Amino acid sequence: MISNEWICNVKKILLASVALFGLTAAASAADLPSRVAPAPVAVVPVFTWTGFYVGAQAGYAWGDSDSRLFVGGVDVTAAAFPDGTDYDTDGFVGGVHAGYNVQFGSFVVGVEGDIEAASIDGDRSFTDLGVAASTDIDFQGSLRARAGVAFDRALLYVTGGLAFANIENTYTDIGTGDSVSFDDTEWGWTLGAGVEYAVTNNLSVRGEYRYTKFDDVENVIDGLGTVEQDSDFHTVRVGVSYKFGTY
(Lines give C-alpha, C1' and ligand atoms only; values in the text may rest on other atoms or scores of the structure.)
Protein backbone atom coordinates (compact mmCIF):
# COMPACT_ATOMS: atom_id res chain seq x y z
CA MET A 1 0.00 0.00 0.00
CA ILE A 2 1.06 3.58 -0.72
CA SER A 3 1.74 5.36 2.49
CA ASN A 4 0.56 8.87 3.29
CA GLU A 5 4.18 9.95 3.68
CA TRP A 6 4.94 8.92 0.07
CA ILE A 7 1.93 10.85 -1.22
CA CYS A 8 3.04 13.94 0.67
CA ASN A 9 6.52 13.72 -0.84
CA VAL A 10 5.07 13.43 -4.36
CA LYS A 11 2.92 16.54 -3.78
CA LYS A 12 5.93 18.49 -2.57
CA ILE A 13 7.91 17.50 -5.71
CA LEU A 14 5.03 18.51 -8.01
CA LEU A 15 4.58 21.88 -6.29
CA ALA A 16 8.32 22.58 -6.50
CA SER A 17 8.32 21.69 -10.23
CA VAL A 18 5.39 24.00 -10.91
CA ALA A 19 7.07 26.86 -9.03
CA LEU A 20 10.35 26.32 -10.90
CA PHE A 21 8.53 26.27 -14.26
CA GLY A 22 6.77 29.53 -13.42
CA LEU A 23 10.01 31.29 -12.50
CA THR A 24 11.69 30.05 -15.70
CA ALA A 25 8.80 31.28 -17.86
CA ALA A 26 8.84 34.68 -16.18
CA ALA A 27 12.58 35.03 -16.73
CA SER A 28 12.23 34.06 -20.39
CA ALA A 29 9.46 36.59 -20.89
CA ALA A 30 11.64 39.31 -19.37
CA ASP A 31 14.36 38.51 -21.91
CA LEU A 32 12.02 38.85 -24.92
CA PRO A 33 12.06 42.14 -26.95
CA SER A 34 9.48 44.69 -25.90
CA ARG A 35 6.34 44.68 -28.01
CA VAL A 36 5.42 48.25 -27.02
CA ALA A 37 5.01 50.46 -30.13
CA PRO A 38 7.77 53.12 -30.47
CA ALA A 39 6.85 56.75 -29.96
CA PRO A 40 5.90 58.50 -33.25
CA VAL A 41 8.69 60.59 -34.85
CA ALA A 42 7.71 64.06 -36.04
CA VAL A 43 8.51 64.62 -39.74
CA VAL A 44 9.57 68.18 -40.54
CA PRO A 45 8.69 69.13 -44.17
CA VAL A 46 11.66 70.03 -46.37
CA PHE A 47 11.57 73.58 -47.78
CA THR A 48 11.20 73.88 -51.55
CA TRP A 49 11.45 76.83 -53.93
CA THR A 50 8.82 75.30 -56.22
CA GLY A 51 5.74 77.46 -56.58
CA PHE A 52 4.16 80.65 -57.80
CA TYR A 53 5.17 83.94 -56.16
CA VAL A 54 4.53 87.69 -56.34
CA GLY A 55 6.45 90.59 -54.85
CA ALA A 56 7.75 94.13 -55.00
CA GLN A 57 11.19 95.67 -55.56
CA ALA A 58 12.99 99.00 -55.61
CA GLY A 59 16.45 100.11 -56.67
CA TYR A 60 18.80 102.57 -58.30
CA ALA A 61 19.96 102.70 -61.93
CA TRP A 62 22.92 104.43 -63.56
CA GLY A 63 24.31 104.39 -67.08
CA ASP A 64 24.70 106.56 -70.13
CA SER A 65 23.13 107.60 -73.39
CA ASP A 66 25.26 107.86 -76.51
CA SER A 67 24.54 109.30 -79.96
CA ARG A 68 25.74 109.03 -83.53
CA LEU A 69 24.89 111.68 -86.12
CA PHE A 70 24.31 110.79 -89.76
CA VAL A 71 24.03 113.42 -92.50
CA GLY A 72 23.08 112.10 -95.93
CA GLY A 73 23.72 108.58 -94.68
CA VAL A 74 27.32 109.44 -93.66
CA ASP A 75 28.44 109.08 -90.03
CA VAL A 76 29.77 112.52 -89.07
CA THR A 77 29.84 111.93 -85.31
CA ALA A 78 33.61 112.19 -84.88
CA ALA A 79 33.82 115.43 -86.88
CA ALA A 80 30.75 117.08 -85.36
CA PHE A 81 31.41 115.97 -81.75
CA PRO A 82 35.16 115.83 -81.11
CA ASP A 83 34.54 115.51 -77.37
CA GLY A 84 32.13 112.61 -77.77
CA THR A 85 28.36 112.44 -77.47
CA ASP A 86 27.71 110.36 -74.35
CA TYR A 87 26.17 111.67 -71.15
CA ASP A 88 25.24 110.12 -67.81
CA THR A 89 21.75 108.96 -66.91
CA ASP A 90 20.59 107.81 -63.49
CA GLY A 91 17.56 107.56 -61.23
CA PHE A 92 15.39 105.34 -59.06
CA VAL A 93 13.18 102.42 -60.09
CA GLY A 94 10.43 100.55 -58.27
CA GLY A 95 7.64 98.16 -59.09
CA VAL A 96 6.23 94.65 -58.82
CA HIS A 97 7.21 91.20 -60.05
CA ALA A 98 5.69 87.73 -60.39
CA GLY A 99 7.09 84.34 -61.34
CA TYR A 100 7.14 80.59 -60.98
CA ASN A 101 9.99 78.31 -59.84
CA VAL A 102 10.55 74.55 -60.09
CA GLN A 103 13.20 72.84 -57.95
CA PHE A 104 15.04 69.67 -59.03
CA GLY A 105 17.30 68.57 -56.19
CA SER A 106 19.51 71.60 -55.54
CA PHE A 107 18.78 73.22 -58.91
CA VAL A 108 16.03 75.80 -59.37
CA VAL A 109 14.69 77.07 -62.71
CA GLY A 110 11.87 79.45 -63.39
CA VAL A 111 10.47 82.43 -65.24
CA GLU A 112 9.81 85.94 -63.93
CA GLY A 113 8.32 89.18 -65.20
CA ASP A 114 8.45 92.67 -63.72
CA ILE A 115 7.13 96.16 -64.38
CA GLU A 116 8.56 99.32 -62.82
CA ALA A 117 8.09 103.05 -62.67
CA ALA A 118 11.37 104.86 -63.30
CA SER A 119 12.95 108.28 -63.03
CA ILE A 120 16.07 107.60 -65.09
CA ASP A 121 17.22 110.72 -66.94
CA GLY A 122 20.23 112.75 -68.06
CA ASP A 123 21.20 115.56 -70.44
CA ARG A 124 24.12 117.34 -72.09
CA SER A 125 24.64 120.57 -74.03
CA PHE A 126 26.71 120.54 -77.22
CA THR A 127 27.60 124.23 -77.49
CA ASP A 128 29.61 123.84 -80.71
CA LEU A 129 26.43 122.82 -82.53
CA GLY A 130 24.10 124.86 -80.34
CA VAL A 131 22.11 121.74 -79.39
CA ALA A 132 21.19 120.19 -76.04
CA ALA A 133 20.15 116.53 -75.77
CA SER A 134 18.31 114.75 -72.97
CA THR A 135 17.02 111.23 -72.28
CA ASP A 136 14.21 110.24 -69.93
CA ILE A 137 12.90 106.76 -69.01
CA ASP A 138 9.66 106.78 -67.02
CA PHE A 139 8.79 103.07 -66.98
CA GLN A 140 10.45 99.78 -67.81
CA GLY A 141 9.94 96.05 -67.49
CA SER A 142 11.29 92.64 -68.41
CA LEU A 143 10.44 88.99 -69.03
CA ARG A 144 13.27 86.73 -67.94
CA ALA A 145 14.39 83.18 -67.23
CA ARG A 146 15.97 82.38 -63.86
CA ALA A 147 18.31 79.50 -62.96
CA GLY A 148 20.18 78.90 -59.75
CA VAL A 149 21.44 76.62 -57.00
CA ALA A 150 19.63 76.33 -53.67
CA PHE A 151 21.39 75.86 -50.36
CA ASP A 152 18.28 75.03 -48.35
CA ARG A 153 16.68 78.47 -47.85
CA ALA A 154 19.36 80.43 -49.75
CA LEU A 155 19.20 80.67 -53.55
CA LEU A 156 22.00 81.95 -55.78
CA TYR A 157 20.75 82.64 -59.31
CA VAL A 158 21.40 84.20 -62.70
CA THR A 159 18.68 85.79 -64.80
CA GLY A 160 18.29 87.15 -68.32
CA GLY A 161 15.78 87.90 -71.05
CA LEU A 162 13.84 90.60 -72.84
CA ALA A 163 13.58 94.18 -71.58
CA PHE A 164 11.38 97.09 -72.62
CA ALA A 165 11.11 100.74 -71.62
CA ASN A 166 9.46 103.99 -72.57
CA ILE A 167 12.35 106.20 -73.71
CA GLU A 168 11.96 109.87 -74.56
CA ASN A 169 14.82 111.65 -76.34
CA THR A 170 14.62 115.43 -76.64
CA TYR A 171 16.83 117.75 -78.72
CA THR A 172 16.71 121.49 -78.05
CA ASP A 173 18.08 124.44 -80.01
CA ILE A 174 20.09 126.33 -77.37
CA GLY A 175 19.65 129.65 -79.16
CA THR A 176 15.90 129.60 -79.82
CA GLY A 177 14.70 127.13 -77.21
CA ASP A 178 12.81 125.16 -79.85
CA SER A 179 12.82 121.44 -79.16
CA VAL A 180 11.72 118.18 -80.71
CA SER A 181 10.98 115.00 -78.74
CA PHE A 182 10.80 111.34 -79.71
CA ASP A 183 8.82 109.18 -77.29
CA ASP A 184 8.42 105.45 -77.87
CA THR A 185 8.55 102.04 -76.20
CA GLU A 186 11.84 100.38 -77.06
CA TRP A 187 13.01 96.76 -76.70
CA GLY A 188 16.33 95.37 -75.57
CA TRP A 189 17.83 92.74 -73.29
CA THR A 190 18.84 92.41 -69.65
CA LEU A 191 21.24 90.10 -67.82
CA GLY A 192 22.19 89.79 -64.16
CA ALA A 193 22.52 87.76 -60.96
CA GLY A 194 21.21 87.79 -57.43
CA VAL A 195 20.75 86.06 -54.09
CA GLU A 196 17.42 85.27 -52.41
CA TYR A 197 16.74 84.00 -48.90
CA ALA A 198 13.52 82.47 -47.57
CA VAL A 199 12.89 84.08 -44.18
CA THR A 200 9.81 81.89 -43.71
CA ASN A 201 8.22 79.14 -45.81
CA ASN A 202 6.32 81.83 -47.73
CA LEU A 203 8.31 85.06 -47.41
CA SER A 204 11.70 85.71 -49.03
CA VAL A 205 14.00 88.70 -49.51
CA ARG A 206 16.43 89.32 -52.37
CA GLY A 207 19.22 91.48 -53.70
CA GLU A 208 19.91 91.68 -57.44
CA TYR A 209 22.15 93.34 -60.03
CA ARG A 210 21.24 93.63 -63.73
CA TYR A 211 22.70 95.25 -66.83
CA THR A 212 20.14 96.42 -69.42
CA LYS A 213 20.72 97.61 -72.98
CA PHE A 214 18.17 98.89 -75.50
CA ASP A 215 18.26 98.90 -79.28
CA ASP A 216 19.46 102.02 -81.07
CA VAL A 217 16.68 104.57 -81.62
CA GLU A 218 16.71 106.53 -84.91
CA ASN A 219 15.47 110.12 -84.56
CA VAL A 220 15.26 112.29 -87.68
CA ILE A 221 15.83 115.97 -86.84
CA ASP A 222 15.09 118.59 -89.49
CA GLY A 223 18.11 120.75 -90.28
CA LEU A 224 20.51 118.44 -88.43
CA GLY A 225 20.26 114.87 -89.70
CA THR A 226 19.48 111.46 -88.25
CA VAL A 227 20.53 110.77 -84.68
CA GLU A 228 20.96 107.19 -83.46
CA GLN A 229 20.48 107.21 -79.70
CA ASP A 230 21.86 104.29 -77.66
CA SER A 231 20.86 103.80 -73.98
CA ASP A 232 22.11 101.31 -71.43
CA PHE A 233 22.33 101.20 -67.64
CA HIS A 234 23.15 99.15 -64.56
CA THR A 235 20.62 98.56 -61.78
CA VAL A 236 20.81 97.25 -58.23
CA ARG A 237 17.57 96.20 -56.54
CA VAL A 238 16.26 94.83 -53.28
CA GLY A 239 12.92 93.09 -53.07
CA VAL A 240 10.53 90.92 -51.13
CA SER A 241 8.42 88.02 -52.46
CA TYR A 242 5.50 85.96 -51.19
CA LYS A 243 5.39 82.32 -52.35
CA PHE A 244 2.02 80.59 -52.39
CA GLY A 245 1.92 77.15 -50.78
CA THR A 246 2.63 75.66 -47.35
CA TYR A 247 6.37 75.01 -47.73
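Treat the numbers as computed from the prediction; the structure is a model and nothing was measured. Numbering starts at 1 and runs along the sequence shown.
Separating the CG atom in Asp90 from the CD1 atom in Ile137 is a distance of 11.0 Å, to the nearest 0.5 Å. From Phe233, atom CZ reaches atom OG of Ser65 across 11.0 Å, with rounding to the nearest 0.5 Å. Remark: Glu228 CD to Asn169 CG distance equals 12.0 Å, nearest 0.5 Å. Going from atom OG1 of Thr85 over to atom CG of Asp230 covers 9.0 Å, rounded to the nearest 0.5 Å. In this structure, the separation between CH2 on Trp62 and OG1 on Thr89 is 11.0 Å, given to the nearest 0.5 Å. Distance CG/Asp88 to CG/Asp123: 10.5 Å, rounded to 0.5 Å.
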Check the pair Asn166, Asp183 against side-chain contact (heavy atoms from CB on, under 4.5 Å), reporting the backbone distance first and the verdict last. CA-CA 7 Å; Asn166 185 75; Asp183 188 350; 3.0 Å; yes

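Within 6.0 Å of OH in Tyr209 there are more than 12 heavy atoms belonging to other residues, nucleotides or ligands. Heavy-atom contacts from other residues, nucleotides or ligands closer than 6.0 Å to CZ of Phe107 number 12 or fewer.
Nearest heavy-atom pair across Asp75 and Arg68 is OD2-CD, 3.8 Å. For the pair Ala98 and Val54, the tightest heavy-atom approach, listed with the atom from each and the gap, is CB-CG1, 4.0 Å. What you find for Asp86 and Arg124 is that their closest heavy atoms are O-NH1, 2.9 Å. Between Ser231 and Thr135, the closest heavy-atom pair is OG-CG2, 4.0 Å. Between Gln103 and Ala150 the shortest heavy-atom distance is NE2-CB, 4.0 Å. Taking all atoms of both residues into account, the shortest heavy-atom contact from Gly99 to Phe52 is O-CD1, 3.2 Å.
With sequence neighbours excluded, no residue forms a ring pair (Phe, Tyr, Trp, His ring centres under 6.0 Å) with Tyr53. Every residue was checked against the ring pair (Phe, Tyr, Trp, His ring centres under 6.0 Å) condition with Phe70, not counting sequence neighbours, and none meets it. Considering only residues two or more places apart in sequence or on other chains, Thr170 meets the side chain to side chain contact (heavy atoms under 4.5 Å, CB included) condition with Ser134, Glu168, Thr172, Ser179, Ser181. When the side chain to side chain contact (heavy atoms under 4.5 Å, CB included) test is applied to Val158, the partners found at least two apart in sequence or on another chain are Ala193.
No donor-acceptor pair closer than 3.5 Å links the side chain of Trp49 to the backbone N or O of Arg153.
Residues Val74 and Phe81 share a hydrophobic cluster, clusters being chains of Ile/Leu/Val/Met/Phe/Trp/Tyr side chains in contact below 4.5 Å. In the hydrophobic clustering of this structure, Val180 does not group with Ile174; members are Ile, Leu, Val, Met, Phe, Trp, Tyr whose side-chain heavy atoms approach within less than 4.5 Å, directly or through other members. Under the 4.5 Å side-chain heavy-atom criterion for ILVMFWY residues, a single connected hydrophobic cluster contains both Val76 and Val131. Hydrophobic cluster membership is shared by Phe47 and Val108, with clusters built from Ile, Leu, Val, Met, Phe, Trp and Tyr side chains linked at under 4.5 angstrom. Residues Val195 and Val149 are members of one and the same hydrophobic cluster, defined by side-chain heavy-atom contacts under 4.5 angstrom among Ile, Leu, Val, Met, Phe, Trp and Tyr.
Checking Ser204 against Glu196 by side-chain atom types alone, a donor-acceptor pair falls below 3.5 Å. Side-chain contact check for Asp232 and Tyr211: at least one donor-acceptor pair (N or O, by modelled atom type) lies under 3.5 Å.
Using the six-membered ring where Trp is involved, Tyr242 and Phe244 have ring planes that are perpendicular, over 60° apart on the 30 and 60° scheme.
Sorted by first and then second residue, the salt bridge (charged side-chain N to carboxylate O under 4.0 Å, His left out) pairs involving residues 101-121 (not counting sequence neighbours) are Glu112-Arg144, Glu112-Arg146, Glu112-Arg206, Asp114-Arg144, Asp114-Arg210, Glu116-Arg237. For residues 142-187, every residue pair satisfying the ring-ring contact (aromatic ring centres under 6.0 Å, His included) rule, not counting sequence neighbours, is listed here: Phe164-Trp187.
Applying side chain to side chain contact (heavy atoms under 4.5 Å, CB included) to Phe139 and the options Val93, Ile115, Ile120, Ile167 leaves one that passes, Ile115.
Within the 4.5 Å cutoff, no side-chain heavy atoms of Asn101 are placed close to those of Thr48. Within the 4.5 Å cutoff, side-chain heavy atoms of Val240 are placed close to those of Leu203.
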